[in-house]
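Take a look at the structure below.
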Amino acid sequence: MSTPNDGGKKAAAESKVQPATGKLGVMTVGMGSVATTLIAGVEAVRKELAKPIGSLTQMGTIRLGKRTDGRSPLIKDFAPIADLNDVVFTGWDIFPENMYEAAEHAQVLDRDHLKSIKPFLEAIKPMPAVFDQHYVKRLNGTHVKQGKSKCDLAQQLRSDIQNFKAQVNRVVVIWAGSTEIFLEPSAVHQSIEAFEKGLVDNNPNIAPSQIYAYAALKEGVPFANGAPNLTVDLPCMQQLSKLTGAPICGKDFKTGQTFMKTVLAPAFKARMLGVSGWYSTNILGNRDGEVLDDPESFKTKEESKLGVLDFILQPELYPDLYKDIYHKVRINYYPPRGDNKEGWDNIDIFGWLGYPMQIKVDFLCRDSILAAPIALDLVLFLDLAQRTPELKHLGIQEWLSFYFKSPMTAEGLYPEHDLFIQSMKLKNTLRHIMGEELITHLGLEYYD
Ligand SMILES: NC(=O)c1ccc[n+]([C@@H]2O[C@H](COP(=O)([O-])OP(=O)(O)OC[C@H]3O[C@@H](n4cnc5c(N)ncnc54)[C@H](O)[C@@H]3O)[C@@H](O)[C@H]2O)c1
């Protein structure tokens with residue numbers, strides 16, 4: 001246990017978490033808006049051209065001990081998180097553009113920002129992808145691997161990962177690829193054996209994202225899922241993750257509207273205010289918006305966005321307040337806006353004696369500016385989890401729910417969606433693995 005004045009250094013020295021020695025390789029599946037904004041952003045931060053705003057691992061602090069102790073080190077100084085200077089990027093995409101061209105295409109960062117790191121971005125070129133248009137109807141890429149079977153494609157991905165592993169000390173894979181069509185878990189997903197047979201038989205229930213996840217986990221590489229696809233949210237992947245000690249987390253980055261929803265809904269519940277309706281609509285004009293314009297991909301996103309309110313408001317516990325809530329989510333593809341999404345919410349609430357009130361939220365956000373720091377934190381925290389004996393073989397890293405619209409949990413557990421519960425869970429996990437006392441906010445000792 002550390003002392004009030006050491007900022008947590010002693011606990012860090014005593015913890016069983018292995019240090020972040022050497023290079024961390026980050027492989028992004030999909031090198032579109034989110035991935036290019038992440039990669040360009042990390043380089044801009046390394047060159048001190050900008051600050052890593054929105055990233056908890058880079059800017060966040062963690063309180064240790066009592067409020068009177070005055071110990072609040074930066075999270076990155078407290079837990080052995082990989083240094084940004086040690087992070088190396090590569091990835092896959094169905095288009096061959098290098099990261100400079102892809103970032104220009106994405107139109108998230110302005111030209112001046114991109115020019116200042118042009119040679120770095122030009123040097124990163126995607127490897128050919130595993131892709132099948134059946135699973136993402138609106139895209140048609142040419143930079144795609146050919147293989148006799150899904151098993152063969154998985155082997156090719158494993159070779160890509162092995163080659164990258166040879167150049168760095170540790171690797172993490174993150175899905176920042178397009179949203180695939182809606183699929184449900186089926187027999188092929190129930191065990192590793194069934195999945196491996198499915199790969200050989202080209203089972204149609206195995207989508208490309210699952211082939212990447214399988215390849216990564218077989219290689220003992222952690223996998224984060226930024227899209228609402230099932231991908232690692234399947235029994236076979238959870239078994240494999242535990243077996244190879246490669247942590248997993250997902251799904252669907254919690255960035256704009258759902259981020260707001262998981263802040264506001266807990267506030268209404270905390271004050272016992274009722275909700276009769278919540279209408280959410282978005283306009284979005286980037287490639288993600290184009291993919292989500294296809295009803296089959298939208299269905300995957302819709303499922304991910306709709307679950308939130310029921311879990312937070314618990315209508316079964318509070319029927320008078322939430323049982324008749326009408327919840328609707330819409331995403332409209334509107335090219336003029338590009339990555340600058342606008343999300344409107346109309347919330348019909350009611351108070352004392354049932355009197356109605358309304359709240360309107362108009363969030364003029366930037367999708368990938370919100371998603372990039374989340375992607376960064378996820379790869380750094382997954383790498384930390386793999387170096388932490390207590391977390392390495394758990395499979396799902398529920399403490400990373402903070403970052404997801406549809407957090408994965410152990411079977412039979414409902415997910416925590418409330419952003420502040422998620423934040424407390426994340427920080428308490430860090431305290432726990434570093435041998436610090438958990439913070440319960442009880443605070444009676446101050447009045448002894
Ligand atoms: N930006 C956000 O705020 C946000 C929030 C939540 C979730 N997401 C999800 O993150 C993902 C990425 O979003 P984006 O805005 O970067 O989209 P994007 O369309 O700009 O980029 C996705 C990239 O993935 C590539 N791709 C598609 N299938 C692939 C495959 N099988 N293998 C390799 N590459 C493949 C596409 O060619 C494209 O370049 C989407 O699924 C999106 O729904 C984004």
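Ligands are counted one by one from 1 in listed order, and the atoms in each one are counted from 1 as well. Any value given below was found using the heavy atoms of this structure, including those in side chains, with hydrogens, waters and symmetry copies removed.
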Note to self: Show the atoms of ligand 1 that are less than 4.0 angstrom away from any heavy atom in Asp252.
What the structure shows: 6 (C), 7 (C)
Note to self: Please check whether Gly177 reaches ligand 1 - meaning an N/O of the residue sits under 3.5 Å from an N/O of the ligand, judged on distance alone.
What the structure shows: yes
Checklist line | Aromatic plane relationship, Trp92 with Tyr212 - under 30° parallel, 30 to 60° tilted, over 60° perpendicular | finding: perpendicular
Notebook entry, point to check: Is the shortest N/O to N/O distance between Ala371 and ligand 1 below 3.5 Å?
Noted result: no
Item checked: cation_pi(Lys118, Tyr100) dist<6.0 Å, angle<=45 -> yes
Check: Does the N or O separation between Asp339 and ligand 1 drop below 3.5 Å for any pair?
Finding: no
Check: Which of the numbered atoms in ligand 1 are below 4.0 angstrom from a heavy atom of Gly226?
Finding: 7 (C), 8 (N), 9 (C), 10 (O)
Checklist line | Geometric N/O contact Trp175 with ligand 1, under 3.5 angstrom | finding: no
Next item on the list: Under the side chain to side chain contact (heavy atoms under 4.5 Å, CB included) rule, collect the residues that match up with Tyr333, sequence neighbours excluded.
Entry: Glu290, Asp293, Pro335
Item checked: Enumerated ligand 1 atoms positioned under 4.0 Å from heavy atoms of Phe131 -> 28 (N), 31 (N)
Check: For ligand 1, is any non-hydrogen atom under 4.0 Å from Lys405's backbone (N, CA, C, O), its side chain (CB onward), both, or neither?
Finding: side chain
Note to self: Quick check: closest heavy atoms across Val291 and Val136, and the distance to 0.1 Å?
What the structure shows: CG1-CG1, 3.8 Å
Margin query: Regarding ligand 1, does Phe95 bring an N or O atom to under 3.5 Å of one of the ligand's N or O atoms?
Written below: no
Item checked: Atoms of ligand 1, numbered as shown, that sit under 4.0 Å from any heavy atom of Gly32 -> 16 (O), 20 (O), 21 (O), 23 (C), 39 (O)
Checklist line | Numbered atoms of ligand 1 (with element) below 4.0 Å of Tyr212, judged on heavy atoms | finding: 30 (C), 31 (N), 32 (N), 33 (C)
List the atom pairs, with distances to 0.1 Å, where a side-chain N or O of residues 407-416 and a protein N or O form a donor-acceptor pair under 3.5 Å, not counting sequence neighbours.
{"residue": "Thr409", "atom": "OG1", "partner": "Leu413", "partner atom": "O", "Å": "2.9"}

Notebook entry, point to check: Going by atom types alone, do Thr231 and Ser209 pair a side-chain donor with an acceptor below 3.5 Å?
Noted result: yes
Check: So which bit of Asp93 gets within less than 4.0 Å of ligand 1, heavy atoms only: side chain, backbone, both or neither?
Finding: both
Notebook entry, point to check: Applying a 4.0 Å heavy-atom criterion (strictly less than), which segment of Asn229 is in contact with ligand 1: side chain, backbone, both, or neither?
Noted result: neither
Next item on the list: Scan side-chain atoms only and decide if Lys425 and Ser401 contain a donor-acceptor pair under the 3.5 Å cut-off.
Entry: no
Item checked: Contact partition for Ser33 relative to ligand 1, non-hydrogen atoms under 4.0 Å -> both
